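The shown structure was predicted, so the numbers you read here are calculated from the model rather than taken from an experiment. Only this structure's heavy atoms are used, side chains among them; waters, hydrogens and symmetry mates stay out.
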Amino acid sequence: MRKGILTIAAVGLLTTGGLTACGDDSGDKAASAKTPKIGVILPDSKSSARWETADRRFLEEAFKAAGVKYDIQNAQNDKTAFQTIADQMITGGVTALMIVNLDSGTGKAVLDKAKSQGVATIDYDRLTLGGSAQYYVSFDNETVGKLQGEGLSKCLTEKGAKNPVVSYLNGSPTDNNATLFKAGYDSVLKPKFDAKEYTKGPEDAVPAWDNAQAATIFEQQLTTAKGKIDGVLAANDGLGNAAISILKKNKLNGKVPVTGQDASTEGLQNILAGDQCMTVYKAVREEAKAASDLAIALAKGEKKDTGQTVKDGDRDVPSVLLTPKAIYKDNVKDVIADGYVTKEEVCTAAYAKLCADAGIS
């Protein structure tokens with residue numbers, strides 16, 4: 001695997017109950033002398049609804065249950081704001097800082113400053129390449145991409161596609177996760193391109209996961225391909241919905257399989273309507289639980305052994321990697337049953353019958 005790409009150094013899913021204490025380091029000792037307080041910086045609210053509807057909610061629940069002080073803010077995709085928020089949190093006395101970086105450069109600067117001030121740090125969901133976070137909590141992101149590639153292949157087969165042209169809408173080039181997703185779906189689709197089973201169509205990365213830009217980019221892809229795109233590997237539900245909006249304009253929705261990720265309300269509705277092939281569900285509640293357990297321990301000056309590491313250059317980063325799940329029309333109900341979204345959110349009037357047909361009660 002290419003240098004800089006996340007690799008799993010320990011195999012097996014770590015349950016948060018399996019965290020065990022080990023010796024304090026200097027940063028932990030500095031934190032233990034202060035009142036525990038946790039700072040969290042989320043990246044934006046446009047690229048995916050999850051950051052505000054799921055991550056914030058589950059993290060707040062965990063911190064409140066533990067009785068620790070916390071401050072959760074959203075940088076709204078503004079690098080200057082991201083750094084300002086971090087500075088304010090450090091000055092405001094946080095003893096542990098959890099970030100979802102906007103890019104590795106900004107993230108590294110924030111992590112390094114926090115470290116210099118004795119503040120413990122966690123990379124949440126996205127690894128900061130070259131950074132100094134003490135822990136990394138996420139999903140197995142190559143597996144996310146693999147599920148997307150397998151999902152698109154499954155849907156193309158079900159439609160009886162012959163030598164289909166497949167286009168890519170990759171995630172932000174500044175997000176290491178987007179690189180990992182692509183590595184995952186390339187592992188499934190590239191052999192098919194090489195064997196001439198599929199034809200590689202247009203491919204573009206979408207800056208900052210911007211859905212409006214994604215629609216423009218996909219419209220250009222469709223024009224370039226003269227309307228001949230048979231499948232779309234979209235890296236998340238927002239990008240997938242952008243592609244679907246253009247397919248609808250061209251009366252191709254439902255005919256061209258589109259992937260996604262995040263199991264958003266919109267993505268699930270698109271799947272029920274037949275406009276989206278599949279999504280990947282990442283149980284954010286579990287991710288937030290693992291991260292909050294670590295953050296609470298760090299804020300109190302404790303250190304935990306996760307039993308896993310990932311490689312970042314020459315550094316082994318203690319990590320928790322959770323397992324994602326592929327979602328198709330027949331198991332949309334699983335996402336609702338898990339409490340990630342509600343039936344009321346998904347099964348609005350326009351989707352009530354589709355929900356009933358999919359066994360959502």
Listed pairs under 3.5 Å, donor-acceptor, residues 200-209 side chains, sequence neighbours left out:
residue, atom, partner, partner atom, Å
Lys200, NZ, Glu203, OE1, 2.7
Glu203, OE2, Asn170, ND2, 2.8
Glu203, OE2, Lys182, NZ, 2.9
Asp204, OD2, Gln221, NE2, 2.9
Trp209, NE1, Asp175, OD2, 3.1

Could you pull out the closest heavy-atom pair between [X] and [Y], with the gap in Å?
X      : Y      : value
Ala263 : Thr279 : N-OG1, 3.2 Å
Val258 : Gln276 : O-CG, 3.2 Å
Gln308 : Thr306 : O-OG1, 2.9 Å
Ser153 : Lys192 : OG-CE, 3.3 Å
Val119 : Val94  : CG2-O, 3.5 Å
Leu127 : Asn176 : O-CB, 3.9 Å

Regarding [X] and [Y], is there a side-chain donor-to-acceptor distance under 3.5 Å anywhere?
X      : Y      : answer
Asn241 : Asn211 : no
Asn74  : Ser45  : no
Asp103 : Thr174 : no
Gln73  : Asp71  : yes
Ser138 : Asn141 : yes

Side chains of [X] and [Y]: does their closest heavy-atom pair fall under 4.5 Å?
X      : Y      : answer
Leu102 : Asn77  : yes
Phe218 : Leu247 : yes
Val166 : Leu156 : yes
Thr342 : Val346 : no
Met89  : Lys37  : no
Leu189 : Tyr198 : yes
Asp140 : Leu322 : no
Val232 : Val256 : yes

Identify whether the distance between the nearest side-chain nitrogen and carboxylate oxygen of [X] and [Y] falls below 4.0 Å.
X      : Y      : answer
Asp112 : Lys108 : yes
Asp87  : Lys113 : yes
Glu52  : Arg57  : no

Discussion item. Using the rule that Ile, Leu, Val, Met, Phe, Trp and Tyr join whenever any side-chain heavy atoms are under 4.5 Å apart, tell me whether Val144 and Val284 fall into a single cluster.
Written reply: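 No; Val284 is not reachable from Val144 via cluster members.
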Discussion item. Taking NZ in Lys79 as the centre, count heavy atoms belonging to other residues, nucleotides or ligands within less than 6.0 Å. Is the count above 12?
Written reply: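 Count not over threshold, so no.
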Can you measure from [atom1] ([X]) to [atom2] ([Y]) and round to the nearest 0.5 angstrom?
X      : Y      : atom1 : atom2 : answer
Cys155 : Glu150 : SG    : CD    : 12.0 Å
Gln83  : Ile41  : CD    : CD1   : 9.5 Å
Glu60  : Ile72  : CD    : CD1   : 4.5 Å
Phe82  : Ile99  : CZ    : CD1   : 4.0 Å
Glu266 : Asp275 : CD    : CG    : 11.0 Å
Asp262 : Ile327 : CG    : CD1   : 12.0 Å

Discussion item. Quick check with a 6.0 Å cut-off and a 45 degree axis cone: is Lys325 positioned over the face of Tyr281's six-membered ring?
Written reply: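 No; the conditions do not both hold, so Lys325 does not lie above the ring face of Tyr281.
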Practice prompt. Would you verify whether the NZ or CZ of Lys154 falls within 45 degrees of the ring axis of Tyr328 while also being under 6.0 Å from that six-membered ring's centre?
Written response: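 Output yes; distance and angle both within limits.
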Worksheet entry | Which residues share a ring pair (Phe, Tyr, Trp, His ring centres under 6.0 Å) with Tyr351, sequence neighbours left out |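 Tyr351 satisfies ring pair (Phe, Tyr, Trp, His ring centres under 6.0 Å) with no other residue.
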Worksheet item: Mind checking whether Tyr168 and Phe193 have parallel, tilted or perpendicular rings, split at 30° and 60°?
Response: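 Judged by the thresholds at 30° and 60°, the geometry between Tyr168 and Phe193 is tilted.
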Discussion item. Can you confirm if the aromatic rings of Tyr136 and Tyr124 lie within a centre distance of less than 6.0 Å?
Written reply: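 No - the distance between ring centres of Tyr124 and Tyr136 does not fall below the 6.0 Å cut-off.
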Discussion item. Tell me which one of Arg285, Lys289, Arg50, Lys282 satisfies salt bridge (Lys or Arg N to Asp or Glu O under 4.0 Å) with Asp55.
Written reply: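 Of Arg285, Lys289, Arg50, Lys282, salt bridge (Lys or Arg N to Asp or Glu O under 4.0 Å) with Asp55 is met by Arg50 alone.
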Worksheet item: Step by step, would you call Asp316 with Val310 a side-chain contact (heavy atoms from CB on, under 4.5 Å)?
Response: CA-CA 6 Å; Asp316 291 321; Val310 298; over 6 Å; no
